[in-house]
Amino acid sequence: MVPVAALAAGAAIILSGCSAGQVSQTADQVAAINGNTADAGTISLRNVHIVYPGSGPHTNTAGGQAALALSIINTGETVTDELTGVTTDLGTVKITPSDGDKIEIAPSETIVVSTPAAGAETDTTGETIDTAAGETKPATIEITGLTQNITPGLTYNVSFDFKENGTVQVEVPVDAGIESPRHESELSQSTTGSGGGH
């Protein structure tokens, strides 16, 4: 009985050692979104990206226009904040506010900034969503007079200035668009090229 118990204990050690030092594949999973994320105090920016050019005025080419899309979340419980400006080397930023001459984010409010042309990519229609009242108001952020072509696959530095929570810089990627076909050869390479696990 002693040799059998020793063999069983040895097998358990060997099998548990197979995954020692490994990181769970689901430990660092993030949401499958197009954009980047950033935080400034009680303000959270989510899915920040430059919209893939559609049939509208946003061409993403030098001299033209581009649109930013993102969600702005005020996680605070008492203080309303205000987006006072957005700056980038890509061009001049034009903010079309959700209300009056500024974009305000009330406590526990989420503002979704987008464009109608970005609906397919962002699942929004350029609306501000007031989670408390259920009201919607338009809000857009456009970059005009682009100093260069904007290319999918690259990121561009954009600064967001908030009255209460200061400035946060984001490396903003470009949405690849709704049509990004994958070929069978790419699929077979991605599955056959990976090594076997334990």
Side-chain angles (χ1 to χ4, degrees), residues 30-40 43-74 81-105 109-129 136-162 165-183 185-187 189-190:
V30 294
I33 58 175
N34 297 320
N36 208 342
T37 63
D39 296 300
I43 293 294
S44 296
L45 305 182
R46 296 294 180 263
N47 196 19
V48 186
H49 64 280
I50 296 172
V51 177
Y52 187 80
S55 57
H58 306 112
T59 61
N60 289 12
T61 56
Q65 300 180 29
L68 283 172
L70 70 151
S71 294
I72 307 172
I73 306 162
N74 187 345
D81 206 345
E82 176 186 327
L83 178 64
T84 58
V86 178
T87 55
T88 176
D89 291 338
L90 291 173
T92 303
V93 178
K94 175 186 175 186
I95 301 175
T96 302
S98 58
D99 188 15
D101 58 354
K102 56 195 171 189
I103 294 180
E104 288 188 340
I105 312 99
E109 182 180 52
T110 298
I111 292 183
V112 180
V113 179
S114 187
T115 65
E121 292 90 341
T122 63
D123 197 29
T124 68
T125 54
E127 294 175 329
T128 297
I129 300 176
T136 60
K137 296 168 284 186
T140 61
I141 300 176
E142 297 174 300
I143 307 170
T144 62
L146 291 174
T147 58
Q148 59 180 290
N149 293 335
I150 295 178
T151 307
L154 300 180
T155 60
Y156 301 89
N157 190 274
V158 180
S159 295
F160 296 84
D161 301 317
F162 294 92
N165 286 279
T167 300
V168 60
Q169 292 188 347
V170 186
E171 289 297 320
V172 180
V174 183
D175 188 355
I178 57 175
E179 295 181 4
S180 52
R182 295 184 65 186
H183 302 287
S185 59
E186 295 174 352
L187 292 173
Q189 288 176 0
S190 65

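These values consider heavy atoms only, across backbone and side chains, with no hydrogens, waters or symmetry-generated copies. Everything numeric in this text was worked out from a predicted model, so none of it was measured.
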### Query
From I150 CD1 over to Q65 CD, what is the distance, rounded to the nearest 0.5 angstrom?
11.0 Å
### Query
Tell me, do V93 and I143 make a side-chain contact under 4.5 Å, heavy atoms counted?
yes
### Query
Can any side-chain N or O of T88 pair as donor or acceptor with the backbone N or O of N157 at less than 3.5 Å?
yes
### Message
Could you measure the distance from the OG1 atom of T92 to the CG atom of L146? Nearest 0.5 Å is fine.
### Response
9.5 Å
#### Entry: Atom pair CD1 (I43) and CD (E82), whose distance is rounded to the nearest 0.5 Å
11.0 Å
### Query
Any donor-acceptor pair under 3.5 Å linking the side chain of R46 with the backbone of N36?
no
### Query
With a 4.5 Å limit on heavy-atom distance, are the side chains of S44 and T37 in contact?
no
### Task
Return the set of residues passing side chain to side chain donor-acceptor pair (under 3.5 Å) with N149 (not counting sequence neighbours), or none when no residue passes.
none
### Task
Work out which heavy atom in T110 is nearest to a heavy atom in I73; give both atom names and the distance.
OG1-CG1, 3.8 Å
## Note on the structure
In this structure, CG of N47 is separated from CG of L45 (nearest 0.5 Å) by 11.0 Å
### Task
Please report the closest heavy-atom contact between S159 and Q169, naming both atoms and the distance.
OG-CG, 3.2 Å
### Task
Check whether any side-chain heavy atom of V158 sits under 4.5 Å from a side-chain heavy atom of I50, and report yes or no.
no
### Query
Is the shortest heavy-atom distance from the side chain of T155 to the side chain of H49 under 4.5 Å?
no
### Task
Starting at CG of D81, measure out to CD of E109 and round the result to the nearest 0.5 Å.
11.5 Å
## Note on the structure
dist F160:CZ -> I103:CD1 (nearest 0.5 Å) comes out at 10.0 Å
#### Entry: Minimal non-hydrogen separation, P173 against G35, with atom names
CG-CA, 3.9 Å
### Main-chain N/O of D161 paired with T84 side-chain donor or acceptor, under 3.5 Å
yes
### Message
Test of understanding: with side chain to side chain donor-acceptor pair (under 3.5 Å), list the residues that count as partners of T61, not counting sequence neighbours.
### Response
T59
### Side-chain heavy atoms of L83 within contact of F162, under 4.5 Å
yes
### Message
For V174, is there any backbone N or O sitting under 3.5 Å from a side-chain donor or acceptor partner on Y156?
### Response
no
### Task
State, with a plain yes or no, whether a side-chain heavy atom of V51 is found less than 4.5 Å away from one of L68.
no
### Non-hydrogen atoms of A38 and V168 that approach each other most closely
CB-CG2, 3.7 Å
